[in-house]
Amino acid sequence: MKKIAFIIIATEMFVSTACAQIIYYNDFTGVSGASPVSSAAVDPGIKSTVTRTELDGSGHLTANSVAAGDVYRIQLAAAPITQTIKLTATVKTSGTGWIAIGFQGDDVQKLNEPTANSGPWLQFNSKAFTVHGGTAVSGISDSVYTSKYLDNSVNTFEMIYYANSTVDISLNGSVVTNGLAIGHNFPEGTPAAPMIKYLQMQFFNTVTDPATEPWFDRVTVEVLQGPYTVGMLGLGGLALLFIRQRFAK
C-alpha cells in the first residue's frame, strides 16, 4: 500500500466575509440640462437638493455656473449611519477651482461650510487631492496627496470610512492610504465623531467649458456589513479543509 505524504506550508492569509448593501447609486444618465434627480439612481435617497448642477447628456454631473456653492446633495438616511460606509466615484478633475464629494451630518449647502457638520470628504484640486475629516476651516486632520493624477484626467476613487474615525483611500484600484486617522470637530473646536447622513457633491469656482469642465460619474454609496475579517487561516488550514471535504463526500 502506497503512503501519501502532504507537505503543508503555513502561510497565513485573511479571509473576509464582508457583504455590502448599495444605498445610493447614480450614473447620471439623462438629457443635457436635466436635473440630476431625474437621472438613473438605484436609490434616489430620501430627498435631494440641486443648486446650479445638471446632467451634461454624456452621463455626468456638471455645474452650470461658476460659483462656490454649485452642489447636488442627497439625504441618504433618516438617522445617521453608524456602520462602515464605502463611497466610490469616477471624477474628472480640472485645473481651475476644485470639486469635492463626501458626507455630512446636516442639510447645509457646501461641504466647506462649518455648519454642515461635514466629513469625511475628498477635495480634488489640480493634480492633488485632500482628505478632510471635517470642514476646511478646522484643518485639524487634512491630509494632502500630490501628483496623483493629471489636470483634466478621469480617475476612480474609493473611500471606506470606519466607525473608529479612520479611512482607507484607493485611486484607480491602487491603495493610497489605509487606516488614516481623521479628526472631526462639531461644533467648531469640539472633537466629535462624524455624522453620516447626507452625501454632497460640490463644484467650487470651476469652468463650464465642456472640453475642460470637471464632472462626477458612477457615484456609489454602500453600507458594509461585518464582520469584515473572520481571522487568520493558513494554507495548511485551507488544505486540510479541502481534504476533509473531499473525503466526507
Side-chain angles (χ1 to χ4, degrees), residues 23-78 80-81 85 87-126 129-130 132 134-138 157 159 186-188 194-221:
I23 60 171
Y24 180 79
Y25 171 79
N26 202 326
D27 64 7
F28 301 110
T29 299
V31 299
S32 177
S35 166
V37 177
S38 63
S39 57
V42 168
D43 186 340
I46 294 176
K47 72 171 186 177
S48 301
T49 302
V50 181
T51 305
R52 297 184 299 274
T53 55
E54 64 185 21
L55 307 181
D56 68 353
S58 299
H60 310 132
L61 175 71
T62 60
N64 59 20
S65 76
V66 181
D70 301 336
V71 303
Y72 179 41
R73 184 168 63 260
I74 306 98
Q75 183 177 352
L76 298 171
I81 299 169
I85 195 163
L87 169 63
T88 306
T90 298
V91 301
K92 181 187 177 188
T93 56
S94 172
T96 304
W98 52 262
I99 60 174
I101 184 171
F103 302 111
Q104 62 190 69
D106 293 307
D107 192 11
V108 174
Q109 186 176 343
K110 297 191 295 186
L111 285 158
N112 58 322
E113 168 61 46
T115 59
N117 195 6
S118 59
W121 56 287
L122 302 175
Q123 175 185 336
F124 305 102
N125 293 76
S126 173
F129 73 95
T130 303
H132 293 285
T135 62
V137 208
S138 65
F157 287 81
M159 176 174 70
F186 194 78
E188 195 69 25
M195 185 182 294
I196 312 297
K197 193 173 177 181
Y198 294 85
L199 171 72
Q200 184 154 241
M201 286 156 264
Q202 179 179 350
F203 299 81
F204 188 94
N205 295 340
T206 58
V207 295
T208 56
D209 179 358
T212 57
E213 68 181 357
W215 46 251
F216 292 99
D217 189 14
R218 294 190 294 276
V219 174
T220 308
V221 179

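Numbering of residues begins at 1 and proceeds along the displayed sequence. Treat the numbers as computed from the prediction; the structure is a model and nothing was measured.
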**Stepwise side-chain contact (heavy atoms from CB on, under 4.5 Å) check, V219 with L87** = CA-CA 7 Å; V219 174; L87 169 63; 4.2 Å; yes
**Message:** Run L122 and V91 through side-chain contact (heavy atoms from CB on, under 4.5 Å) and show every step you take.
**Reply:** CA-CA 11 Å; L122 302 175; V91 301; over 6 Å; no
**Asked** Are R218 and T88 close enough, and set up right, to give a side-chain contact (heavy atoms from CB on, under 4.5 Å), and what steps lead you there?
**Response** CA-CA 8 Å; R218 294 190 294 276; T88 306; over 6 Å; no
**Request:** Evaluate the criterion side-chain contact (heavy atoms from CB on, under 4.5 Å) for residue pair W215 and F28; output intermediate values, then yes/no.
**Result:** CA-CA 10 Å; W215 46 251; F28 301 110; over 6 Å; no
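Residues I74 and S48 share a closest heavy-atom pair of CG1-OG, 4.1 Å. The heavy-atom pair separating D106 from Q104 by the smallest distance is O-NE2, 2.7 Å. Counting all heavy atoms, side chain and backbone alike, L111 lies closest to S118 at O-OG, 2.7 Å. The heavy-atom pair separating A116 from K110 by the smallest distance is CB-O, 3.6 Å. Across P214 and S94, no two heavy atoms sit closer than the pair CD-CB, 3.8 Å. Here the closest non-hydrogen pair linking P120 and I196 is CD-CD1, 3.9 Å.
Using a 4.5 Å heavy-atom threshold, the side chains of W121 and M159 count as separate. Using a 4.5 Å heavy-atom threshold, the side chains of T208 and S65 count as separate. The side-chain heavy atoms of I23 and I81, taken from C-beta on, include a pair separated by under 4.5 Å. Side-chain contact between F129 and T93 is absent, with no heavy atoms from C-beta onward closer than 4.5 Å. Using a 4.5 Å heavy-atom threshold, the side chains of L199 and Y72 count as separate. Between Y198 and T49 the shortest side-chain heavy-atom distance does not fall below 4.5 Å. Under the 4.5 Å side-chain criterion, counting only non-hydrogen atoms from C-beta, V37 is in contact with V50. Contact annotation: the side chain of R52 approaches that of N64 to within less than 4.5 Å [non-hydrogen atoms, C-beta and beyond].
Note that OG1 of T90 is 8.5 Å distant from NE2 of H60, once rounded to the nearest 0.5 Å. One finds the NZ atom of K47 at 12.5 Å from the CG atom of L76 (value rounded to the nearest 0.5 Å).
Between the side chain of S32 and the main chain of G57, no donor-acceptor pair closer than 3.5 Å is present. Counting only distance, with no hydrogens or angles, the side chain of E213 and the backbone of T62 share no donor-acceptor pair below 3.5 Å. Judged purely by atom type and a 3.5 angstrom limit, Q202 uses its side chain to pair as donor or acceptor with the backbone of A68.
Within the 6.0 Å centre-distance limit, the rings of F203 and F216 are counted as a close aromatic pair.
When the options V71, I99, L61 are evaluated for a side chain to side chain contact (heavy atoms under 4.5 Å, CB included) with M201, the one that passes is L61. A side chain to side chain donor-acceptor pair (under 3.5 Å) with R73 is found for one member of D107, T51, T53 and no other, namely D107.
Note: W98 and F204 have parallel aromatic rings, judged against thresholds of 30 and 60 degrees for the angle between ring planes.
Judged by distance alone, the side chains of Q123 and N112 never bring a donor and an acceptor atom under 3.5 Å apart.
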